[in-house]
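Reviewing the structure listed below.
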Amino acid sequence: FIYRPDSIMFDLEDAVSLREKDTARILVFHALQHPMYKDIETVVRINQLSTPFGLKDLEAVVRAGVDVVRLPKTDTPEDIFELEAHIERIEKDCGREVGSTKVMAAIESAIGVINAVAIARCSPRLIGIALAAFDYVMDMQTERGDGTELFYARCAVLHAARAAGIDAFDVVYSDINDEAGFLREVELIRKMGFNGKSLINPRQIELLHNAYAPTQEDVDYARRVIAAAEEGERKGLGVISLNGKMIDGPIINHAQVVLERASASGVRR
Ligand SMILES: CC(C)(COP(=O)(O)OP(=O)(O)OC[C@H]1O[C@@H](n2cnc3c(N)ncnc32)[C@H](O)[C@@H]1OP(=O)(O)O)[C@@H](O)C(=O)NCCC(=O)NCCSC(=O)C[C@@](O)(CC(=O)O)C(=O)O
Ligand SMILES: [Mg+2]
């Protein structure tokens, strides 16, 4: 909370050793019900349903009121169909509003990337899809590097999310001491259009928020665009010019997004 994350993700999958799976699930079950987490979005990465832990995780976290279930290693829409059938049953069973538990699919394989559009569009519960790099590069028989290895997957996941009207989240950056490398990666994914990134350490939160915040220059320009658009509206003009640049619908929409981002996260330092 001190670090002001957008949401908090509890991991029951690969960050938890096999011996600790039950203990971790019980801890998360209780944590989710603590008043401390009432005003922040909670996400739990459960184990795959094909493991002995996945269904137990799901039973616990849906009953405890989690906002979003993150399904790791999502390869096909059928993985999501299976998940949502269980979620609906559990919601009914525990008196939660049906549909209130949202889902995020993590794509971690070549087949997941190939199926990204079908996955992203397969359920109204999906709020976003996330690329998970470490399992993906293993599947692709390569390794994490400068991002070349993720080029196709990032483009595919991003287009799938946009086609489905949901959010796209980029990979975790594992070297928490490499601030410059993290910021280089954030700059790339921000320019590509990702909504954000999965983070593994509190030190990365402020860096990410700052990089996504618009600059003062962007905000000033967006205000001038909105003012010019309002003036054009009063004069009944469809297209207007601001310092020789054409201003029309998409430019005005972009200016509104910049101002919304500035009011949500301030101005870049
Ligand atoms: C990396 C490190 C060990 C470094 O530890 P260090 O101790 O050196 O860190 P420090 O900075 O010194 O900690 C300063 C203070 O912050 C506290 N603190 C640290 N981390 C915190 C945190 N996450 N949440 C809250 N608090 C935290 C710490 O307790 C301390 O508190 P205090 O003592 O009070 O000062 C640690 O961060 C960590 O374990 N991170 C989570 C790792 C994780 O989640 N892995 C699973 C997801 S990836 C994956 O599975 C791959 C994937 O599946 C991805 C996909 O699916 O996307 C794929 O395939 O690619
Ligand atoms: Mg993984």
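Between the side chains of His86 and Arg89, at least one donor N or O lies within less than 3.5 Å of an accepting N or O.
Within the 4.5 Å cutoff, the side chain of Leu259 has heavy atoms near those of the Val219 side chain. Side-chain contact check for Val43 versus Asp67: every heavy-atom pair is 4.5 Å or farther apart.
Residue Ile200 comes nearest to Ile176 through the heavy atom pair CD1-CG2, 3.9 Å, listed as atom of the first residue, atom of the second, then distance. In this structure, Ser174 and Phe134 approach most closely via the heavy-atom pair OG-CZ, 3.5 Å. The two residues Val186 and Lys197 have their closest heavy-atom pair at CG2-CD, 4.0 Å. In terms of heavy-atom proximity, Ser241 sits nearest to Ile247 at C-CG1, 4.5 Å.
Using a 4.0 Å cut-off between charged side-chain N and carboxylate O, Glu206 and Arg269 make a salt bridge. A salt bridge does not link Arg203 to Glu179: none of the charged side-chain nitrogens sits closer than 4.0 Å to a carboxylate oxygen. The pair Glu231-Lys235 meets the salt-bridge criterion, with a side-chain N (NZ, NE, NH1 or NH2) lying under 4.0 Å from an Asp/Glu carboxylate O. With respect to the salt-bridge test (charged N to carboxylate O, under 4.0 angstrom), the residues Arg154 and Glu185 qualify. Classification of Glu20 and Arg25 as a salt-bridged pair fails, no side-chain N sitting under 4.0 Å from a carboxylate O. Classification of Arg70 and Asp11 as a salt-bridged pair fails, no side-chain N sitting under 4.0 Å from a carboxylate O. Salt bridge absent: Arg184 and Glu187 never bring a charged side-chain N and a carboxylate O closer than 4.0 Å. Between Arg125 and Glu91, at least one side-chain N (NZ, or NE/NH1/NH2) sits under 4.0 Å from a carboxylate O, which counts as a salt bridge.
A distance of 14.5 Å separates CD in Glu149 from CD in Gln141, rounded to the nearest 0.5 Å. Separating the CD atom in Glu41 from the CD1 atom in Ile127 is a distance of 5.5 Å, to the nearest 0.5 Å. Note that CG of Leu58 is 11.0 Å distant from CG of Asn47, once rounded to the nearest 0.5 Å. Atoms CG and CD, from Leu49 and Glu82 in turn, are 4.5 Å apart once rounded to the nearest 0.5 Å. With rounding to the nearest 0.5 Å, the separation of CZ in Phe151 from CG in Asp146 is 11.5 Å.
Between the side chain of His254 and the backbone N or O of Pro250 there is no donor-acceptor pair closer than 3.5 Å.
No path of Ile, Leu, Val, Met, Phe, Trp and Tyr side chains, each step under 4.5 Å between heavy atoms, connects Leu71 with Val16, placing them in separate hydrophobic clusters. If you chain together hydrophobic residues whose side chains sit under 4.5 Å apart, Ile251 and Leu237 fall into the same group. The cluster map of Ile, Leu, Val, Met, Phe, Trp and Tyr, joined by side-chain heavy atoms under 4.5 Å apart, puts Ile80 and Ile46 in the same cluster. At a threshold of 4.5 Å between side-chain heavy atoms, the hydrophobic network of Ile, Leu, Val, Met, Phe, Trp and Tyr places Ile107 and Ile114 in two separate groups. Follow the hydrophobic side-chain contacts under 4.5 Å out from Val172 and you never reach Leu208; the two are in separate clusters.
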Please step through side-chain hydrogen bond (donor to acceptor under 3.5 Å, both in side chains) for the pair Ser123 and Glu84, ending with a clear verdict.
CA-CA 8 Å; Ser123 166; Glu84 62 181 1; 2.6 Å; yes

Does the pair Tyr173 and Asp178 meet the rule for a side-chain hydrogen bond (donor to acceptor under 3.5 Å, both in side chains), with working shown?
CA-CA 9 Å; Tyr173 191 83; Asp178 181 6; 2.8 Å; yes

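More than 12 heavy atoms of other shown residues, nucleotides or ligands fall within 6.0 angstrom of atom CZ in Arg144.
For an aromatic pair to be called close, the ring centres must be under 6.0 Å apart, and Phe10 with Tyr37 satisfies this.
A cation-pi arrangement is found for Lys245 relative to Tyr221, the charged atom lying closer than 6.0 Å to the ring centre and inside a 45° cone about the ring normal.
Results of the side-chain hydrogen bond (donor to acceptor under 3.5 Å, both in side chains) test with Lys73 over Asp79, Asp14, Asp139 single out Asp14 as the only residue that passes.
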